[in-house]
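Structure first, then comments.
We count residues from 1, following the sequence as given.
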Amino acid sequence: MAEESSQAQDFNQTLKRVIQTALHRSLLAKGIHEVCKAIEAKKCKFCIITENSTEAQYNKLLESLCKQNDVRMIKVPEGEILGEWIGICKYDSQKNIRKKRRCGALVLKEYAEEITE
């Protein structure tokens, strides 16, 4: 049980590093419009969506697009987690998160050659 928890946490940390590196190298598409365009153009490696989306139809649309275009999909429990990973949260002067903002979906267009910390 504890081993599964640590593996899930390792996966999340690795995924966070991949997303942040891709963000700094402009290899991400964020938001429903950009994500749909990237999936339809088959210019993405995988798609990440949130499980607690405010619009269930968005998730159904993205799931069907991913299935239709053979794109792998990863689900994250909360949109606030994705928002924090891509840096759209509001921070105070001590770099503490003051207001969390959500991101419903994003895709990785290309893998970065090197993953930075």
| field | salt bridge (charged side-chain N to carboxylate O under 4.0 Å, His left out) between Lys99 and Glu80, intermediate numbers included | value | CA-CA 10 Å; Lys99 182 178 180 183; Glu80 289 84 7; over 6 Å; no

Closest approach of [X] to [Y] (non-hydrogen atoms, all atoms of both residues):
X      : Y      : result
Ala29  : Val35  : O-CG2, 3.6 Å
Ile19  : Trp85  : CD1-CE3, 3.5 Å
Cys89  : Glu84  : SG-CA, 3.5 Å
Ile39  : Cys47  : CD1-SG, 4.2 Å
Val107 : Ala38  : CG2-CB, 3.7 Å
Leu82  : Cys103 : CD1-O, 3.6 Å

Taking a hydrophobic cluster as the set of Ile, Leu, Val, Met, Phe, Trp and Tyr residues connected by side-chain heavy atoms closer than 4.5 Å, whether directly or through intermediates, do [X] and [Y] fall within one such cluster?
X      : Y      : value
Ile32  : Val76  : no
Leu108 : Ile81  : yes
Ile88  : Ile49  : no
Tyr111 : Leu23  : yes
Leu61  : Leu106 : no

Please answer whether the main-chain N or O of [Y] pairs with a side-chain N or O of [X] as donor and acceptor at a distance below 3.5 Å.
X     : Y     : result
Asn69 : Val71 : no
Asn96 : Tyr91 : no
Glu34 : Lys30 : yes

Taking atom [atom1] of [X] as the centre, report whether more than 12 heavy atoms of other residues, nucleotides or ligands fall under 6.0 Å from it.
X      : atom1 : result
Arg102 : CZ    : yes
Tyr58  : OH    : no
Glu51  : CD    : yes

| Does the side chain of Lys45 come within less than 4.5 Å of Arg72's, by heavy atoms? | no

| said: To the nearest 0.5 Å, what is the distance between CD on Glu40 and NZ on Lys42? | reply: 10.5 Å

